[in-house]
Amino acid sequence: MSVGTGFSRRAFLGGVGAGGAGLVAGAVVGHEVSAPARPPAVPFHGEHQAGIGTAAQDRLAFASFDVVTTSRTELRDLLREWTAAATAMCKGRPAPGGSQDLLAPPADTGEALGLDPGGLTVTAGFGPSLFDDRFGLAGRRPAALRELPRLPGENLDPTRSDGDLCLQACSADPQVAFHVIRNLARIGRGVVEMRWSQLGFGRTSSTTSTQSTPRNLFGFKDGTRNLRGDDPESMRRHVWVGPDADQAWMCGGTYLVARRIRMHIESWDRSTLGEQQQVFGRTKQVGAPLTGTHERDRPDFHARDRSGRPVIPVDAHIRLAAPENNGGRAILRRGYSFTDGIDPASGELDAGLFFVVFVNDPGVFVDLQNKLGSLDALSEYIVHDGSGLFACPPGARGEGDHWGRALFA
């Protein structure tokens, strides 16, 4: 799968030829060239897992795994090893273990040595299928963790859906994010097998109040009214599982919904600007609601034009997704664009949005998608072809803690 070709300082310098070298030298002579700002390190340990309320990074590597062992002890030990390795890599260190024995494989695959972690976060989750009879966990499955029902607007590929475990690695550097998934998959060999994976480039929503709103592959600003990870009250209400959870081990955790959304890029590119704006309910250039001037103006869903029709159409995306039109319910969006080459069946781009949602009740997403998949004008241009639901436990509190420790206690 392709991670995209966004700007990378390392790739740029590596591709400079003789002419390019002169250009860079000239730039240095003219004025000092400053390095990009270094993303702040994100602490691995804490009450909640990082990579949820964290400011969304620019690159994603996501993977789902099937557990192939039947040993509860091996599974628990793998989660302990994964937690230790993720802790080290988030600090910019190689995966721990191994030796300098030339006759043995190295502990770390090495492609991230010398690279800045780029604000790396690693997030883990457990799928509904983990809670069968293999590991004695059936009685510990949260009631909310069950396979998602069939939803409108989807044509799911089983090879891109579900799984016993998931890992999400996010960083400013795509090689760092890939390095995490590669090394954790290697550590898990014999205990887990990768079921499917997805690389993402270009975050498609802002998750903190300090981030600007990015654009999706349709060219529109995405997630203007998204929940903010730095808003504790909103996170408590909509994202974190509270102390009244039916399974105590999930207190402080959340649920992750992953949806691979294929965009029909070619059809969209043939539609008029007016139609595109009607579909989203926003202007393309500024991102303002059709009833406003600035991006963050509050949409007026009651406004009507001279003919009496709603200015923001009844099937516009922002109308149907707005919290005030869904009983105040909201989700934390943390998605990424993707491009995976050409679809051989159609000859069109296999590109779109890898939509990651965090919510303390997956039923909120189900209700929202039932509505959007049935009524949203955007549905003409998209199809959901991959899906997964995972329970993300609370964060590891310290060096002796690990993902899912309370689950296996």
Side-chain angles (χ1 to χ4, degrees), residues 38-55 57 61 63 65 67 69 71-100 105-110 112-126 130 135 137 140 165-173 176-177 179-192 229 235 240-241 243 245 247-254 256 358 390-409:
R38 178 178 177 176
V42 179
F44 180 85
H45 297 108
E47 179 182 2
H48 310 293
Q49 289 195 64
I52 301 170
T54 310
Q57 305 93 322
F65 298 84
V67 179
T69 184
S71 168
R72 176 186 173 112
T73 300
E74 287 184 350
L75 174 57
R76 182 200 61 205
D77 289 348
L78 173 62
L79 292 172
R80 183 182 292 118
E81 288 184 71
W82 270 4
T83 304
T87 302
M89 289 186 283
C90 286
K91 295 177 180 178
R93 301 172 185 168
S99 68
Q100 297 302 311
D108 187 280
T109 53
L113 293 175
L115 299 182
D116 189 280
L120 174 66
T121 58
V122 188
T123 312
F126 307 141
L130 188 70
F135 310 109
L137 298 176
R140 311 210 72 184
L165 303 169
C166 79
L167 292 169
Q168 172 193 266
C170 299
S171 171
D173 190 320
V176 169
H179 169 260
V180 169
I181 299 300
R182 177 184 178 184
N183 275 268
L184 296 184
R186 179 188 54 79
I187 291 170
R189 191 165 296 138
V191 180
V192 296
M235 295 292 285
W240 304 128
V241 174
Q247 295 290 343
W249 66 268
M250 269 297 288
C251 180
T254 187
L256 182 159
F358 292 101
F390 302 90
C392 298
R397 295 300 189 105
E399 294 297 335
D401 200 359
H402 65 84
W403 288 323
R405 180 185 60 79
L407 170 62
F408 287 87

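Being a predicted model, the structure only gives us computed values, none of them experimental.
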How close do [X] and [Y] get, heavy atom to heavy atom, and via which atoms?
X: F408; Y: R72; answer: O-NH2, 3.2 Å
X: P96; Y: A85; answer: CD-CA, 3.6 Å
X: W403; Y: T83; answer: N-OG1, 3.0 Å
X: E74; Y: V191; answer: O-CG1, 4.1 Å
X: P94; Y: A88; answer: O-CB, 3.6 Å
X: T121; Y: G51; answer: OG1-CA, 3.4 Å

Looking only at atom types and distance, does a side-chain atom of [X] sit under 3.5 Å from a main-chain N or O of [Y], one as donor and one as acceptor?
X: T109; Y: N183; answer: no
X: E81; Y: I187; answer: no
X: S171; Y: P117; answer: yes
X: E47; Y: G252; answer: no
X: Q49; Y: P393; answer: yes

Taking the side chain as everything from C-beta on, heavy atoms only, tell me whether [X] gets closer than 4.5 Å to [Y].
X: H402; Y: R76; answer: yes
X: V180; Y: L167; answer: no
X: V241; Y: Q247; answer: no
X: L165; Y: L75; answer: yes
X: L184; Y: V122; answer: yes
X: I52; Y: T123; answer: yes
X: V42; Y: C90; answer: no
X: Q168; Y: C166; answer: no

* Asked: Does the side chain of H179 pick up a donor-acceptor pair with the side chain of D108 at under 3.5 Å?
  -> yes

* Asked: Is the centre of the W82 ring less than 6.0 Å from the centre of the F44 ring?
  -> no

* **SB check R405 D401 (cutoff 4.0 Å)** => yes

* Should the heavy atoms of other residues, nucleotides or ligands under 6.0 Å from CZ of R186 be counted, would the total exceed 12? ->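 Yes.
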
* To do: To the nearest 0.5 Å, tell me how far W249 CH2 sits from L137 CG.
  =>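 So the CH2 of W249 and the CG of L137 are separated by 8.5 Å.
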
* From H48 NE2 over to W240 CH2, what is the distance, rounded to the nearest 0.5 angstrom? ->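 Between H48 NE2 and W240 CH2, I get 5.0 Å after rounding to 0.5 Å.
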
* Asked: Can you list the steps and then say if D173 with D116 is a side chain to side chain contact (heavy atoms under 4.5 Å, CB included)?
  -> CA-CA 8 Å; D173 190 320; D116 189 280; over 6 Å; no

* To do: Scan T73, V67, L407 and name whichever one has a side-chain contact (heavy atoms from CB on, under 4.5 Å) with F135.
  =>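 The single option meeting the side-chain contact (heavy atoms from CB on, under 4.5 Å) with F135 is V67.
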
